[in-house]
Amino acid sequence: MQQLTVLGSTGSIGTSTLDVVARHPDKFKIAALTANAQVDLLLRQCQQFKPRYAVLVDEAAAARLRLLVREAGLSVEVLGGAAALEQVCILPEVDAVMAAIVGAAGLRPTLAAARAGKKILLANKETLVMAGNVFMDAVRGSGSVLLPIDSEHNAIFQALPRGYDGDLAASGVRRILLTASGGPFRNTPLSELHNVTPEQACAHPNWVMGRKISVDSASMMNKGLEVIEAHWLFNAGADDIQVVVHPQSVIHSLVEYVDGSVLAQLGNPDMRTPIAYGLAYPERIDSGVASLDLFKVATLNFVAPDFERFPCLALAYQALCAAGTAPAVLNAANEVAVAAFLDRQIAFLDIPRVIAAVLDALPVNAVGSLDDVLVADAEARRAATEWIAR
Ligand code: NAD
Ligand code: MG
């Protein structure tokens, strides 16, 4: 029996994780569930999964949940505040942590789980983008098992040799082909992109996801963040990673070997597949995902990414090559810009403008510790907020 902490249990990845867990009560037990402020959904999840702990970062929401949990007669201890997220990751009885908080808020608890040597199911790509070397050092130092949940990275993980140790050349790998759907605006006339709304940006053609990652997919910043994520996970240089736009989202990524073999992982676009893979690794379990109907898919298309249409992708490559604090700055500026876009303060095409201005304005410093990352993150947020308010 594996005991799990689910960070971000009320989100898109969190609810998909609990869907898979509910199919295997003999294999998994929930130790802790966490969310930002969603009292009602977290209460329902507590009733169903009976965790020992439930965390809400918002203290007022935590107080409300505490009352409701008592009324419902549940023996769940409700904790409030951000520090409690770390607390429930390092509990001795916890075997694995699903890191599915959105954005920079996921960094500290995910890092705490890595330092404690827990098995980590990593959905929160922002952790690697912001603090790739600090996080990977923690993983290696504690011997924790790191399993990528992002569908592309999960596909690459599956297509690499078992036990891959971070040396692409020694494994006979020529390059990684990272697929991208191209999002809802792949074919939108450029002249119309300026006026697109948050609703249009969040209407992804293939995936149902949280709002922040949906906007990232529309701008292709998501793919940029994923290039950086692949860099850290697989020790791949920017030149080793080719983005391939594949609108059907059936091939989740590919690995090309020196002999010309190209291995891909395919499946319906449903995150329960990589989640089930991570939960049961190295075994396979039922995820609830329907069989892939190749006759219905019929056609698979591939095109090169358009860096003019999607300047965010170019900015991410630029930040990866600049290294140091640049990816953390890119990530923070993007989070502020996306929040402002969702709040209708800026236009869609302002998102790359904010990020480019902040990357230009701030120095690139070396990253030796978590503090270096947090300082860069705070400065970038301040600079992005100023740009938006000007
Ligand atoms: P979501 O917005 O649906 O859910 C986010 C979760 O994080 C919620 O439970 C929310 O309560 C919690 N949360 C938000 N802000 C918080 C804060 N400040 N402190 C603590 N908790 C907070 O997001 P999602 O789509 O599930 O994405 C989660 C992560 O997984 C992201 O990093 C995303 O990039 C990654 N991811 C998502 C998908 C997908 O299909 N949704 C695919 C690949 C990777
Ligand atoms: Mg992805």
Side-chain angles (χ1 to χ4, degrees), residues 5-19 32-42 45 54-59 61-62 65 79-89 97-110 112 120-130 147-157 178-183 202 204 206-217 220-230 233 243 246 249 251-253 265 267-275 278 289 331 334-335 338-339 342:
T5 285
V6 182
L7 296 171
S9 67
T10 58
S12 165
I13 295 287
T15 50
S16 291
T17 301
L18 293 180
D19 181 284
L33 296 172
T34 87
N36 191 28
Q38 293 89 335
V39 177
D40 296 342
L41 181 50
L42 196 55
Q45 293 181 340
V55 179
L56 283 171
V57 173
D58 184 295
E59 299 273 9
L65 180 67
L79 306 173
L85 297 174
E86 291 172 62
Q87 198 181 322
V88 296
C89 284
V97 173
M98 165 56 81
I101 290 175
V102 62
L107 172 56
R108 278 179 186 279
T110 309
I120 296 173
L121 279 51
L122 187 70
N124 178 261
K125 63 193 87 186
E126 293 90 347
T127 288
L128 277 176
V129 172
M130 295 174 71
L147 297 164
I149 298 303
D150 212 347
S151 56
E152 296 78 2
H153 305 75
N154 188 267
I156 295 161
F157 185 87
L178 186 71
T179 55
S181 69
C202 289
H204 196 279
N206 307 333
W207 300 94
V208 182
M209 309 180 286
R211 279 160 71 79
K212 189 263 179 181
I213 184 175
S214 294
V215 176
D216 284 349
S217 298
M220 282 194 79
M221 178 54 91
N222 183 49
K223 211 48 54 181
L225 300 178
E226 290 185 359
V227 169
I228 301 172
E229 182 184 12
L233 282 173
V243 172
H246 161 50
S249 299
I251 297 181
H252 299 306
S253 278
Q265 186 259 359
N268 287 320
D270 186 322
M271 290 304 293
R272 290 177 300 174
T273 294
I275 289 168
V289 176
N331 179 68
N334 180 57
E335 284 190 23
V338 169
L342 285 171

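Residue numbers count from 1 along this sequence. Whatever order the structure lists ligands and atoms in, that order sets their numbers, starting from 1. Here the structure is a predicted model, which is why all the values come from computation and not from measurement.
Under a 3.5 Å cut-off, the side chain of Asn36 and the backbone N or O of Leu56 do not form any donor-acceptor pair. A donor-acceptor pair under 3.5 Å is formed between the side chain of Ser253 and the backbone N or O of Thr179. The closest donor-acceptor contact from the side chain of His252 to the backbone of Gly267 lies under 3.5 Å.
With sequence neighbours left out, Arg108 forms a side-chain contact (heavy atoms from CB on, under 4.5 Å) with Glu86, Leu370, Leu374. Looking at residues two or more places apart in sequence or on another chain, you find no ring pair (Phe, Tyr, Trp, His ring centres under 6.0 Å) involving His153.
A pairwise comparison of heavy atoms in Val55 and Val88 identifies CG2-CG1, 3.8 Å as the closest pair. Closest approach of Pro109 and Leu7 over heavy atoms only: CB-CD1, 3.8 Å.
Screening Glu229, Glu226, Glu152 against Lys125 for a side-chain hydrogen bond (donor to acceptor under 3.5 Å, both in side chains) leaves a single residue, Glu226. No option in Thr10, Ile13, Leu33, Ile275 other than Leu33 meets the side-chain contact (heavy atoms from CB on, under 4.5 Å) test with Leu18.
The contact shell of ligand 1, taken as protein residues with any non-hydrogen atom closer than 4.0 angstrom, comprises Gly8, Ser9, Thr10, Gly11, Ser12, Ile13, Ala35, Asn36, Gln38, Val57, Leu85, Ala100, Ile101, Val102, Ala105, Ala123, Asn124, Lys125, Glu126, Asp150, Met209, Gly210, Ile213, Met271.
Here 3 is the count of protein N, O or S atoms positioned under 2.8 Å from the Mg ion (ligand 2), waters not counted.
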